[in-house]
Amino acid sequence: MTDRHWPQDDIDCMSAALAEAKVAMDNGEVPVGAVLVENGTIVSRAHNCSIMNKDPSGHAEIAALRTAAQSRDNHRLPGSTLYVTLEPCIMCAGALSQARVGRVVFGAYDKKAGALGSVEDLSTSRALNHHYEVNGGLRADESMALLRAFFQSRR
């Protein structure tokens with residue numbers, strides 16, 4: 001979908017997710033950022049925090065879901081859209097289903113661990129009882145550039 005014409009709202013929300021990814025990178029974390037949107041309003045922002053928190057579930061998607069669920073006092077977030085700079089992994093794809101997210105928009109495809117089309121596609125899995133729309137490739141080059149810079153700096 002990299003050649004798709006993206007609505008301005010999607011571009012703006014991915015800009016916010018990219019800003020979160022930069023915060024992660026500044027903190028020594030893998031630069032992945034996410035924002036959760038309801039009715040056109042960002043209700044949570046998050047970035048990877050696995051290293052800092054010594055938490056294997058410290059992915060940006062999980063953190064954004066937790067914050068939104070707590071602020072809504074509900075573990076379900078129906079109709080919401082998650083914008084994330086990297087294709088979600090299996091853990092995050094499952095959490096998105098559990099939260100009843102309506103749509104996921106991601107930046108870079110993850111050819112090693114992506115669970116929304118690259119390695120697996122849990123968005124359509126019969127094993128999950130909730131499915132959501134998936135749109136990938138928005139600002140993928142910028143997302144990949146952050147990831148490359150991070151991993152090159154670690155070598």
Residue pairs, two or more places apart or on separate chains, that pass salt bridge (charged side-chain N to carboxylate O under 4.0 Å, His left out) and touch residues 34-47 = E38-R72

Geometric class of the Y132/H130 ring pair [parallel <30°, tilted 30-60°, perpendicular >60°] = tilted

Would you find a donor on one side and an acceptor on the other, under 3.5 Å apart, between the side chain of S71 and the backbone of A68?
-> yes

Mind checking what makes side-chain hydrogen bond (donor to acceptor under 3.5 Å, both in side chains) contact with H59, not counting sequence neighbours?
-> none

Across all chains, not counting sequence neighbours, the side-chain contact (heavy atoms from CB on, under 4.5 Å) partners of A95 are I62, L65

ILVMFWY cluster, W6 and V37 together (side-chain gap under 4.5 Å) | yes

Name all residues meeting the side-chain hydrogen bond (donor to acceptor under 3.5 Å, both in side chains) criterion together with N74; count only those two or more places apart in sequence or in a different chain, and write none if there are none.
-> none

Partner set under side-chain contact (heavy atoms from CB on, under 4.5 Å) for D55, not counting sequence neighbours = N53, S57, R66

Remaining members of the apolar cluster that contains L122, side-chain heavy atoms under 4.5 Å = I90, L128

Where is the tightest heavy-atom contact between A93 and L116, given as atom of each residue plus distance?
-> CB-CD2, 4.0 Å

Restricting to pairs with a member in residues 111-128, which pass salt bridge (charged side-chain N to carboxylate O under 4.0 Å, His left out), not counting sequence neighbours?
-> none

Using a 3.5 Å cut-off and no angle test, enumerate the donor-acceptor pairs between side-chain atoms of residues 22-31 and protein atoms at least two apart in sequence or in another chain.
residue : atom : partner : partner atom : Å
N27     : ND2  : V23     : O            : 3.4
E29     : OE1  : S50     : N            : 3.2
E29     : OE1  : I51     : N            : 3.0
E29     : OE2  : I51     : N            : 3.1
E29     : OE2  : M52     : N            : 2.6

Under 3.5 Å, sequence neighbours excluded: what are the donor-acceptor pairs made by side chains of residues 78-86?
residue : atom : partner : partner atom : Å
S80     : OG   : L77     : O            : 2.6
Y83     : OH   : D10     : OD1          : 2.5
T85     : OG1  : G33     : N            : 3.1

Donor-acceptor pairs are to be reported for all side-chain atoms of residues 11-19 against protein atoms at under 3.5 Å, with residues two or more places apart or in another chain.
residue : atom : partner : partner atom : Å
D12     : OD1  : Q8      : NE2          : 2.8
S15     : OG   : I11     : O            : 3.1
S15     : OG   : R139    : NH1          : 2.2

Joint hydrophobic cluster, M91 plus Y109, side-chain heavy atoms closer than 4.5 Å = no

Write out all pairs satisfying salt bridge (charged side-chain N to carboxylate O under 4.0 Å, His left out) with one or both partners inside residues 77-100, taking only residues at least two apart or from two chains.
-> none

Residues G107 and A140: closest non-hydrogen pair is O-CB, 3.5 Å

Stepwise side chain to side chain contact (heavy atoms under 4.5 Å, CB included) check, E133 with N135 | CA-CA 7 Å; E133 179 183 342; N135 304 116; 3.0 Å; yes

What is the distance from atom CG of D110 to atom OG of S118, rounded to the nearest 0.5 Å?
-> 6.5 Å

Going only through I, L, V, M, F, W and Y residues with side-chain contacts under 4.5 Å, is there a path from V43 to V104?
-> yes

